[in-house]
S.K.: 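Handing you this structure, nothing more for now.
All values reported here derive from a predicted model rather than from experimental measurement.
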Amino acid sequence: MCEEAMRSRVLVVGATGRLGGSLVRASLAAGQPTFALVRPHHLAVPDSAPLRSLTGATLVKGSLEDYPSLLEAVRQVDVVICAVPTKQALKQKTLIRAIKEAGCVKRFIPAEFGLDPTKVQIYGMDHGFYEKKIEIRHLIESEGIPHTYICCNFFMRYLLPSLVQPGVDAPPRDDVKIFGDGNTRGVFVEETDVAKFTICTIDDPRTLNKTLYLRPSGNVYSMNELVDLWEKKINKFLNKIYIAEEQLLKNIQDAPVPSKMDLIFIYSAFINGDQTYFEINSSMEGTQLYPHLLLLSSFWPSNRGCWKNTILLFQFTKPQKL
């Protein structure tokens, strides 16, 4: 049998989004026959930026709202990866139904790509954000669908560009807010790296029906550590304003949506420690499970006043913090 015939065929749902596009490109780079589910209105503009980013993939017309097209797409593949945003998480029920009916999918990776919803400690204040993901997990498992959950914590493009200062787009030059005592650590990972690790799992029996965590040591920082990095970069000490837990909770209560959600996620990560308070089995941490990956994005502030990814090269070694 030829190598092409042995490779798993991968369908990415949500392919025109930022993470979805990264997943398509990572799948293609790994040599997987790759299919991208694309809504009809995107296909109507073939030269659009979302479609240009999917060059090399087989474009399949369909959507989560169109069950016949979804079933037809699923029947062509071995692996389904969903990258829709959390507000659409429950729409995956239709996708799960199609996977069950098709009967050919050997691995489903649902749209999690964040904190482990079974570990967060903010139930009742997150407006159902994580409950949706847990509901989808329960459905996947009750239907007996082979799966892998990817828990990568924060994407680098979220909160990090402002040094975790809600409501602004660049790190501060004078005053900086630090939530809690500033010592609780969070995790930020670049989407392109999340995609590469995700594709590694699709044919790996070690990750079947398990959760893969991404917590690279070079990407785990407290607010105090982030501020220290930034101060060294700009050669200036900032005025640190510490926001106590009680004050942050009050700010959450008073804030409008969507600012409220940013504050809730800050509370979760940098007060509760929801990304780092629990131990991870090294066999289920991505950089330990796949040490052969050569590129891992860590971060370092650039002179232009924004955060710039720095590529750390490693091979068969644990990534080191800058």
Side-chain angles (χ1 to χ4, degrees), residues 18 85-86 114-115 120-122 124-127 129-130 152-191 193-194 214-277 297-312 319-322:
R18 192 175 304 188
T86 299
L115 281 69
V120 295
Q121 307 168 95
I122 56 170
M125 63 183 296
D126 65 341
H127 299 272
F129 187 90
Y130 290 108
C152 58
N153 301 295
F154 287 150
F155 292 135
M156 281 189 172
R157 63 180 167 89
Y158 181 67
L159 292 178
L160 185 62
S162 68
L163 202 63
V164 196
Q165 304 297 293
V168 299
D169 298 323
R173 292 279 179 166
D174 297 302
D175 297 337
V176 59
K177 294 178 181 177
I178 296 178
F179 298 95
D181 63 8
N183 294 322
T184 303
R185 288 180 163 182
V187 184
F188 297 88
V189 185
E190 174 61 39
E191 278 159 304
D193 290 328
V194 173
L214 291 180
R215 195 191 285 178
S217 63
N219 298 57
V220 182
Y221 281 82
S222 69
M223 288 203 67
N224 285 332
E225 290 169 328
L226 288 174
V227 170
D228 182 63
L229 280 176
W230 180 237
E231 288 177 329
K232 289 176 180 176
K233 190 65 178 178
I234 64 175
N235 195 29
K236 178 181 179 180
F237 290 107
L238 302 180
N239 178 38
K240 301 172 183 64
I241 303 169
Y242 286 86
I243 308 297
E245 177 178 354
E246 295 76 13
Q247 182 61 51
L248 178 55
L249 289 171
K250 184 179 185 303
N251 293 349
I252 290 171
Q253 184 177 3
D254 296 340
V257 177
S259 299
K260 184 187 295 287
M261 294 307 297
D262 289 340
L263 294 174
I264 288 170
F265 294 142
I266 289 171
Y267 177 81
S268 170
F270 292 103
I271 300 290
N272 282 349
D274 285 345
Q275 297 178 341
T276 55
Y277 78 87
S297 295
S298 187
F299 44 86
W300 187 260
S302 76
N303 288 323
R304 294 188 301 273
C306 61
W307 290 87
K308 178 181 179 182
N309 293 349
T310 299
I311 304 301
L312 299 182
Q320 300 296 311
K321 188 170 77 172
L322 289 174

S.K.: Taking all non-hydrogen atoms of both residues, which atom of P172 and which atom of L238 are closest, and how far apart?
M.R.: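 Heavy atoms only, the tightest pair is O-CD1, 3.9 Å.
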
S.K.: Whether the side chain of Q121 engages the backbone of D274 through a donor-acceptor N/O pair (distance < 3.5 Å, no angle test) should be reported.
M.R.: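 Checking the backbone N and O of D274 against the side chain of Q121, no donor-acceptor pair under 3.5 Å is found.
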
S.K.: So which atom in V194 and which in C152 form the shortest heavy-atom distance, rounded to 0.1 Å?
M.R.: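 Heavy-atom minimum between the residues: CG2-CB, 3.8 Å.
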
S.K.: Is the backbone N or O of V120 less than 3.5 Å from a side-chain atom of N272, with the two atoms forming a donor-acceptor pair by type?
M.R.: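 No, the answer is negative, given that no donor and acceptor are paired below the 3.5 Å cut-off.
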
S.K.: Compare every heavy atom of P216 with every heavy atom of V187, then report the nearest pair and how far apart it is.
M.R.: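 Minimum heavy-atom separation between V187 and P216: CG1-CD, 4.4 Å.
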
S.K.: May I ask you to test the I264-F129 pair for a side-chain heavy-atom distance under 4.5 Å?
M.R.: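 No, their side chains stay 4.5 Å or more apart.
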
S.K.: For P171 and P161, work out which heavy atoms get closest and say how close.
M.R.: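 Nearest heavy atoms, P171 then P161: CD-O, 2.9 Å.
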
S.K.: I'd like to check L159 versus I266 (side-chain heavy atoms, cut-off strictly below 4.5 Å). Are they in contact?
M.R.: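 Yes, their side chains come closer than 4.5 Å.
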
S.K.: With sequence neighbours left out, write down each residue that passes salt bridge (charged side-chain N to carboxylate O under 4.0 Å, His left out) with D174, or none if nothing qualifies.
M.R.: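 Result, salt bridge (charged side-chain N to carboxylate O under 4.0 Å, His left out) vs D174: K236.
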
S.K.: Other residues, nucleotides and ligands only: do more than 12 of their heavy atoms fall within 6.0 Å of NZ on K240?
M.R.: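 Atom NZ in K240 is crowded, with more than 12 foreign heavy atoms closer than 6.0 Å.
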
S.K.: Excluding sequence neighbours, so at least two apart, what forms ring pair (Phe, Tyr, Trp, His ring centres under 6.0 Å) with F154?
M.R.: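 For F154 the ring pair (Phe, Tyr, Trp, His ring centres under 6.0 Å) partners, ignoring immediate neighbours, are Y158, F188.
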
S.K.: Between OG1 of T276 and CG of L115, what distance do you get to the nearest 0.5 Å?
M.R.: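 Between atom OG1 of T276 and atom CG of L115 there are 9.5 Å.
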
S.K.: Taking side chain as C-beta onward, heavy atoms only, is L249 less than 4.5 Å from M125?
M.R.: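 Yes; the side chains approach each other to less than 4.5 Å.
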
S.K.: CD1/I252 to OH/Y267 distance, rounded to the nearest 0.5 angstrom?
M.R.: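 It comes to 7.0 Å.
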
S.K.: Between CG of L263 and CZ of F179, what distance do you get to the nearest 0.5 Å?
M.R.: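 Going from CG on L263 over to CZ on F179, the span is 6.5 Å.
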
S.K.: When you look at N224 and N183, which way does the side chain to side chain contact (heavy atoms under 4.5 Å, CB included) test go after all the steps?
M.R.: CA-CA 6 Å; N224 285 332; N183 294 322; 2.9 Å; yes

S.K.: Nearest 0.5 Å, please: how far is CZ in R157 from CZ in R18?
M.R.: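 Here the interatomic distance stands at 4.5 Å.
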
S.K.: Within this structure, what is the CD1-CD distance for the pair I178 and Q165, rounded to the nearest 0.5 Å?
M.R.: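 The distance works out to 8.0 Å.
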
S.K.: Taking Q275 for its side chain and N153 for its backbone only, find out whether a donor-acceptor pair lies under 3.5 Å.
M.R.: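 Flag not set: sc Q275 to bb N153 has no pair under 3.5 Å.
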
S.K.: Quick one: pull up CG in L163 and NZ in K177 and give me the separation to the nearest 0.5 Å.
M.R.: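 If we round to the nearest 0.5 Å, L163:CG and K177:NZ are 13.0 Å apart.
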
S.K.: Mind checking ring pair (Phe, Tyr, Trp, His ring centres under 6.0 Å) for Y130 and listing every partner two or more places apart, or none if nothing turns up?
M.R.: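 Result, ring pair (Phe, Tyr, Trp, His ring centres under 6.0 Å) vs Y130: none returned.
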
S.K.: Please report the closest heavy-atom contact between N219 and V189, naming both atoms and the distance.
M.R.: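 For N219 versus V189, the nearest heavy atoms are ND2-CA, 4.1 Å.
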
